[in-house]
Amino acid sequence: MTDNPAQKIRLIMELRRQGISNTDVLSAIERVPRDVFVPKTFRDRAYENIALPIASGQTISQPYVVSYMTQLLKLDKRRKVLEIGTGSGYQTAILARLCRRVYSIERYRNLLDAAEEVFKTLKITNITTKLGDGHKGWPEQAPFDRIIVTAAAAEVPQDLLNQLGNDGIMVLPVGRDSGDQKILRVTKDEHGKVSEEALLPVRFVPMVQGVAEET
Ligand code: SAH
């Protein structure tokens, strides 16, 4: 392992400077080893504040974006969270430290298997995953207190909005092309009234229809 404490502290100081102030989020970043979620060739760069390539042409998100989206979710230990786009599983592991249970959906079997292995190694037990198309959400487990999507859709997927409970928060990147994406915070009030705010400009891989046939 290359769990380098000095590099990690530098990263956390950088995140604080960039406006991440939630101490629970910062402590999750400090405790979850990012190096075990990245391919071996990139391990020495695991604590840089950059996105890195993972298998199947996907990416592990930048620590700043992971922290920013997690902070927007306002998590606590009572919350049941749906995540779309397990990818490396890094964001999933961060969420798992801060909520009751994470349900995470990925369309690549190989990414899901690799992420499951890491969760086992790290002894994380409050994550449930499945292979599937995240556009459909996880109706059997709905409603969710929080939903996070880590791949960019052209618009807010209607099934996900339907599966968000009242008093719920959904955070997702939305945009038609990669140069035009923004993080959106969608909230449902206690009566189910929906409102949206466009926040940070970002660059995510696209949300793709259906389960992947190839790896
Ligand atoms: N949070 C992950 C991000 C991975 S990139 C991490 O930091 O590692 C986005 C992921 O979303 C990819 O793994 C991609 O395969 C997945 N994805 C894209 N469209 C999807 C869909 N319709 N359903 C489920 N997963 C999807």
Side-chain angles (χ1 to χ4, degrees), residues 11 15 25 28-29 32-39 42-43 45-73 75 81-99 102-119 122 124 127-139 141 144 146-161 163 170-176 178 181 183 202-215:
L11 172 62
L15 296 175
V25 173
I29 296 280
V32 176
R34 189 168 184 253
D35 54 283
V36 296
F37 292 93
V38 308
F42 294 110
R43 288 224 165 134
R45 309 196 66 185
Y47 295 99
E48 292 181 32
N49 197 6
I50 51 172
L52 290 167
I54 57 173
S56 304
Q58 305 304 312
T59 53
I60 176 171
S61 304
Q62 186 192 1
Y64 173 63
V65 174
V66 171
S67 311
Y68 180 85
M69 293 176 82
T70 307
Q71 181 163 280
L72 285 177
L73 286 174
L75 295 171
V81 180
L82 173 66
E83 178 191 40
I84 309 303
T86 317
S88 66
Y90 177 66
Q91 169 82 73
T92 326
I94 296 284
L95 296 169
R97 287 200 72 92
L98 300 169
C99 71
V102 189
Y103 294 86
S104 186
I105 305 176
E106 170 56 54
R107 62 186 291 279
Y108 279 101
R109 163 63 64 195
N110 60 313
L111 290 178
L112 206 53
D113 290 347
E116 284 279 6
E117 275 305 306
V118 181
F119 302 152
L122 297 179
I124 305 172
I127 296 172
T128 310
T129 65
K130 77 166 179 178
L131 184 72
D133 180 352
H135 288 96
K136 301 189 184 118
W138 200 321
Q141 292 296 342
F144 294 95
R146 302 289 186 259
I147 298 179
I148 177 170
V149 184
T150 66
E155 49 199 51
V156 179
Q158 186 60 46
D159 286 340
L160 297 185
L161 192 55
Q163 291 172 31
M170 167 153 59
V171 175
L172 73 171
V174 167
R176 292 212 171 269
S178 68
Q181 297 172 6
I183 294 291
V202 282
R203 211 173 261 268
F204 272 84
V205 297
M207 195 167 170
V208 179
Q209 298 286 342
V211 167
E213 300 295 336
E214 75 287 19
T215 60

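Both counts, for ligands and for their atoms, begin at 1 and track the order of listing.
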To which protein heavy atom is [atom] closest, and what is the distance rounded to 0.1 Å?
{"atom": "atom 6 (C) of ligand 1", "result": "Ser88 OG, 3.6 Å"}
{"atom": "atom 11 (O) of ligand 1", "result": "Gly85 CA, 3.2 Å"}
{"atom": "atom 7 (O) of ligand 1", "result": "Ser61 N, 3.1 Å"}
{"atom": "atom 20 (C) of ligand 1", "result": "Arg107 CD, 3.3 Å"}
{"atom": "atom 23 (N) of ligand 1", "result": "Gly134 N, 2.7 Å"}
{"atom": "atom 12 (C) of ligand 1", "result": "Gln58 OE1, 3.3 Å"}
{"atom": "atom 5 (S) of ligand 1", "result": "Thr59 O, 3.2 Å"}

Working to the nearest 0.5 Å, report the span between [atom1] of [X] and [atom2] of [Y].
{"X": "Leu52", "Y": "Phe42", "atom1": "CG", "atom2": "CZ", "value": "6.5 Å"}
{"X": "Gln163", "Y": "Gln158", "atom1": "CD", "atom2": "CD", "value": "10.5 Å"}
{"X": "Leu95", "Y": "Thr70", "atom1": "CG", "atom2": "OG1", "value": "5.0 Å"}
{"X": "Arg203", "Y": "Thr59", "atom1": "CZ", "atom2": "OG1", "value": "11.5 Å"}
{"X": "Thr129", "Y": "Asp113", "atom1": "OG1", "atom2": "CG", "value": "8.5 Å"}
{"X": "Glu83", "Y": "Glu106", "atom1": "CD", "atom2": "CD", "value": "9.0 Å"}

>> Could you check whether any side-chain N or O of Gln181 sits under 3.5 Å from a backbone N or O of Phe204, counting only pairs where one atom can act as donor and the other as acceptor?
In response: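 Answer holds: yes.
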>> Treating Thr128 as the side-chain partner and Ser104 as the backbone partner, does any N or O pair qualify as donor plus acceptor under 3.5 Å?
In response: no
Find all atoms of ligand 1 within a distance of less than 4.0 Å from any non-hydrogen atom belonging to [X], and give their numbers and elements.
{"X": "Leu111", "value": "13 (O)"}
{"X": "Tyr108", "value": "15 (O)"}
{"X": "Ile60", "value": "6 (C), 7 (O), 8 (O)"}
{"X": "Ala151", "value": "11 (O), 18 (C)"}
{"X": "Ile105", "value": "24 (C), 25 (N)"}
{"X": "His135", "value": "22 (N)"}
{"X": "Met207", "value": "18 (C), 19 (N), 22 (N)"}

Under 3.5 Å between some N or O of ligand 1 and some N or O of [X]?
{"X": "Gln91", "value": "no"}
{"X": "Glu106", "value": "yes"}
{"X": "Gln209", "value": "no"}

>> Taking only non-hydrogen atoms of Gly132, do any sit less than 4.0 angstrom from ligand 1?
In response: yes
> Is it true that Pro206 lies under 4.0 Å from ligand 1, counting heavy atoms only?
Replying inline: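 Yes, that is the case, since the closest heavy atom of the residue is under 4.0 Å from the ligand.
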Indicate yes or no: at least one non-hydrogen side-chain atom of [X] is less than 4.5 angstrom from one of [Y].
{"X": "Leu112", "Y": "Tyr108", "result": "no"}
{"X": "Gln209", "Y": "Asp133", "result": "yes"}
{"X": "Gln62", "Y": "Asn49", "result": "yes"}

>> Would you call the rings of Phe37 and Tyr90 parallel, tilted or perpendicular, taking 30° and 60° as the class edges?
In response: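 Ring orientation of Phe37 relative to Tyr90: perpendicular.
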>> Can you give me the closest heavy-atom contact between Ala46 and Val38, atom names plus distance?
In response: CB-CG2, 4.1 Å
> Taking non-hydrogen atoms only, is Val205 closer than 4.0 angstrom to ligand 1 via side chain, backbone, both or neither?
Replying inline: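 It is the side chain that touches ligand 1; the backbone stays farther off.
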> Out of Val208, Val38, Thr86, Thr150, whose heavy atom is nearest to atom 19 (N) of ligand 1?
Replying inline: Val208
